[in-house]
Amino acid sequence: MMSQSPVLQTRSGTVVEFTGVVKEFSGLRALDGFSLTLHAGECVALLGPSGSGKTTALRVLAGLESTDAGSITIDGIDVSALSTSKRDMGMVFQSYSLFPHLSVGENVEFGLRMRKIKPAERRSRASAALALVGLGHHFDRFAHQLSGGQQQRVALARALVTEPRVLLLDEPLSALDAKVRVQLRDEIRRIQTELGITTLFVTHDQDEALAIADRVAVMRSGNIEQVGTPEELYSRPATPFIADFVGLSNGIVGIVRDGHAEVHGTRLPLIDPAVAEGPVRVSVRPEDIEFAPEGLATTVVSSSFLGSLRRTTVRLPDGSIVFLQHGVRMHPKTGESVFLKFTGVPVSTEPLEAARVALHQS
Amino acid sequence: MAAVTGSFTANGVAHAPSRTVRVTVLSLIGLIFALPIAAMIEFTLRAGLVGGYNVDRWVALFQSGFTGVYRPVLVALGNSVALAIGTVIIVMLLLVPTMLLVHIRFPYLRRVLEFICILPITIPAIVLVVGLAPIYTVVARMLGSGVWTLAFAYGITVLPFAYRAIQSNLDGVDVRTLTEAARTLGAGWGSVLVRVLVPNLRRGILAGAFIAVAVVLGEFTIASLLNRVNLQTALVVVSKVDPYTAVILSLLALAFASMLLLIIGRLGAPRNQTLRRRTTVKGPA
Amino acid sequence: MYVVLFLAVPTLIAIGTGFFDTTGAFTLATVAALGDPVVLTTFFNSFWLSALTAVVGAVVGALVCYAMLGTRPDGALRSTIDSLSGVLAQFGGVMLAFAFVATIGIQGMVTLYLRDMFGLDIFENGVWLYSTTGLILPYIYFQVPLMIITFMPALQALKPQWAEANATLGGTTASYWLRIAFPVLAPSFLGSLLLLFANAFSSYATAAALVSQGSQIVPLQIRAALTSETLLGRENLAGALALGMIVVMAVVMIGYSALQSRAARWQQ
């Protein structure tokens with residue numbers, strides 16, 4: 001648990017550790033014993049639905065909220081008593097955080113000015129930071145003259161120019177258009193890797209989290225449900241909540257018998273051999289269902305073209321609906337009869353009663 | 001809790017004042033501003049030259065049922081109320097359809113309309129009177145010198161307030177889409193207006209009407225200089241004869257106006273909420 | 001059509017009468033009356049009264065707005081203060097005059113209290129309540145609420161993110177107010193200040209009810225001119241005075257709209 005491992009300190013980045021952090025807002029626990037370690041130079045995404053406490057975790061680290069219990073250390077030193085302005089963090093907000101009365105350049109210079117750095121050096125460092133985010137020519141513009149994506153780039157440059165120990169990103173892409181969002185996402189990833197800066201990235205968008213982070217921590221009601229690499233989270237979700245929340249999946253009713261899950265006549269391996277026998281709800285990824293010359297007979301309900309792939313929804317003999325993803329060359333027509341087969345490993349298996357209860361709660 | 005708030009401010013995060021500062025500032029200034037009102041109340045309770053206090057004047061005013069000496073005030077109040085109603089009718093009949101028409105059909109005229117509607121704020125009533133005097137000699141010849149003719153002039157002074165109230169409601173409602181939706185569902189322009197737009201703009205229209213009423217009831221300049229009798233001019237006349245009654249009536253009028261504007265505030269609150277939700281969902285404009 | 005008849009025409013007449021004599025011939029004589037020392041004095045009086053009450057009203061009003069920052073915009077406190085401000089700013093007029101007579105008139109509550117408790121006579125050097133000086137307090141009384149109404153939205157538009165960004169960038173509370181909040185608020189504050197000035201400059205009712213003799217400020221002089229056309233021995237003086245007021249108001253309003261468009265940049 002201690003973060004003073006010499007292996008980590010040889011790298012340039014900073015280690016951040018949350019231990020049992022509790023934060024209450026008028027009786028509601030936004031963070032309920034939250035513990036997480038960010039290794040040096042690592043980008044960790046906090047992923048969760050709204051109200052799961054992910055933004056609170058980031059704000060607590062920034063010092064924008066106080067903690068009620070637990071500790072936060074940066075490079076092994078407790079920062080709980082340190083005010084935000086002394087924590088040496090760079091933060092990018094959701095939107096509207098640029099100072100409207102200052103030019104782009106002055107915005108970026110702001111943190112350097114606070115650190116009493118000479119004008120000449122300020123200007124050259126700000127220019128370099130702007131160049132890094134691809135806005136070298138916008139030094140004298142004002143925030144209201146920039147697009148949303150450009151504004152967030154400036155905010156990123158402003159956060160990075162002081163060479164902070166930790167970069168905090170609070171849903172920086174959520175106010176942007178889909179296309180700009182993907183562009184900026186990839187760029188943030190590039191810059192983060194280049195600088196090797198320890199980064200905490202908060203988002204409710206699973207695509208974003210999977211694409212940008214070295215590790216993703218999925219949050220639910222003030223705590224971490226599972227933390228792991230994007231691949232781990234996707235292929236071995238610890239709970240049905242994560243199976244549903246990360247990636248797309250089909251919930252199909254089946255039966256566990258003899259160490260296998262039996263789904264519409266197909267025996268599938270169990271990811272967790274400890275599941276009790278009986279009726280279950282099995283989560284199957286759409287890419288783990290394929291068309292086949294023979295197998296389960298189904299009827300096509302609809303099919304939509306998604307560019308690089310096609311998503312088709314079919315009705316099973318028992319009336320339930322599943323969808324699968326396949327190449328665009330295959331073009332099923334509505335009403336057509338097709339055969340399916342299940343492949344791969346279902347990502348989660350849950351006793352049916354528990355599944356019902358969980359569904360009612362959500 | 002105090003420790004939490006303390007460290008919060010020390011972080012330089014909170015730009016809002018601490019509770020102590022807020023309470024101190026608000027109660028201090030509130031107290032100073034309550035003083036004249038308190039003085040008015042105290043004044044009406046004075047029991048003659050001998051000193052001491054009683055409620056005789058209030059009782060006398062209400063028991064007399066506004067007869068005798070108070071008769072002119074009652075007449076003036078009637079005038080003011082009639083003027084208020086007339087003004088509201090004029091403004092609403094002209095302003096609401098014009099604003100909707102501009103909003104839906106001629107959006108490029110919006111700035112022109114806004115300019116025209118806000119203009120009266122920049123022209124002092126006292127200046128308006130100078131120009132109105134000759135016009136009202138003409139009006140008096142054509143329509144008689146009834147007090148109600150003042151409603152035309154008041155319509156102008158009320159215009160900016162009514163415009164703002166309705167416009168802020170209009171900004172929060174997607175009138176264009178609502179209209180198009182209603183049209184595609186087979187509604188004619190009449191039913192679009194009556195069944196779709198007016199119900200959605202009810203808050204703005206009501207708020208505009210209330211503000212108009214408050215402004216008209218408080219209007220003094222134009223009435224006094226055109227020699228018409230309304231509540232305010234009557235109050236001045238009464239105050240020369242019986243200052244106590246004038247102050248009592250002023251207090252009642254102030255209380256009435258406060259209630260009116262409190263109702264507007266209540267009407268406004270839910271509207272602001274929807275507006276906020278819209279902006280958070282839509283993100284940057 | 002309606003607007004033309006009751007707004008444009010009166011304004012034009014008001015301006016126009018300044019340029020014509022009673023026989024209808026064009027003349028600059030009445031406009032020249034604006035240069036009369038008596039008229040100049042009243043304009044000067046109006047000017048300093050408006051400026052003083054605007055500044056005091058703006059500062060006190062801004063303080064109240066600041067104190068309300070952080071409360072819920074749709075909460076009971078805010079809507080009560082908003083409503084009361086609305087009443088006091090727009091409705092006052094005549095009643096404010098009564099209120100101040102009752103407070104600091106010769107027999108006013110505060111006057112008597114100060115006299116009886118401290119032996120202090122606020123009217124030692126003459127009764128100033130019914131002169132221009134006496135207008136200062138009543139005017140401030142309606143200026144502060146107007147400031148609250150006009151300035152609160154600007155203060156409300158300060159984004160919490162700016163304070164937070166300032167903090168994460170190493171700034172202090174002082175740097176937030178000096179380098180961010182004040183510069184951002186400056187155009188709105190100056191705009192409100194101008195509006196307050198215009199408001200006091202054109203206000204008539206309070207002065208008319210309070211000051212029954214003399215014409216120390218422009219609106220009162222217009223009253224005098226309207227009721228006795230031969231003041232200063234000039235005709236259509238009311239028109240000339242109205243013209244003077246419109247010029248002042250126009251200058252103020254042009255300044256106001258310039259500041260508004262500047263402030264609107266960051267009030268989206």
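First the proteins, then the strands, lettered A, B, ... as listed; each starts at 1.
The contact between C:Leu84 and chain B is made entirely by side chain atoms (from C-beta outward), counting heavy-atom distances below 4.5 Å. At a 4.5 Å heavy-atom cutoff, the contact between C:Ala205 and chain B is made by backbone and side-chain atoms alike. At a 4.5 Å heavy-atom cutoff, the contact between C:Val60 and chain B is made by backbone and side-chain atoms alike. Of the two parts of B:Leu35, the backbone and the side chain both hold a non-hydrogen atom closer than 4.5 Å to a non-hydrogen atom of chain C. Looking at B:Ser224, only its side chain comes within 4.5 Å of chain C, counting heavy atoms on both sides. Looking at C:Ile140, only its backbone comes within 4.5 Å of chain B, counting heavy atoms on both sides.
In C:Arg179, the CZ atom is not crowded: 12 or fewer heavy atoms of neighbouring residues, nucleotides or ligands sit closer than 6.0 Å.
Nearest heavy-atom pair across B:Ala39 and C:Thr103 is CB-OG1, 3.2 Å. For the residue pair B:Leu235 and C:Phe98, the shortest heavy atom distance occurs at O-CZ, 3.7 Å.
Partners of C:Ser202 according to the side-chain hydrogen bond (donor to acceptor under 3.5 Å, both in side chains) rule, which considers only residues two or more places apart in sequence or in another chain, do not exist here. By the ring pair (Phe, Tyr, Trp, His ring centres under 6.0 Å) test, C:Tyr139 is found to be paired with C:Phe142, residues two or more places apart in sequence or in another chain being considered.
Rounding to the nearest 0.5 Å gives a distance of 5.5 Å between CE of C:Met95 and CG of B:Leu231. Atom CG of C:Leu137 is separated from atom CD1 of B:Ile32 by 10.5 Å, given to the nearest 0.5 angstrom.
Under the side chain to side chain contact (heavy atoms under 4.5 Å, CB included) test applied with B:Ser258, the options C:Leu88, C:Val87, C:Thr80 reduce to a single match, C:Val87.
Put simply, the side chain of B:Arg22 never gets that close to the backbone of C:Tyr66: no donor and acceptor are under 3.5 Å apart.
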What verdict does the side-chain contact (heavy atoms from CB on, under 4.5 Å) test give for C:Leu77 and B:Leu26, after you've listed the backbone C-alpha separation in whole Å, the side-chain angles of each residue and the deciding distance to 0.1 Å?
CA-CA 10 Å; C:Leu77 175 77; B:Leu26 288 186; 3.9 Å; yes
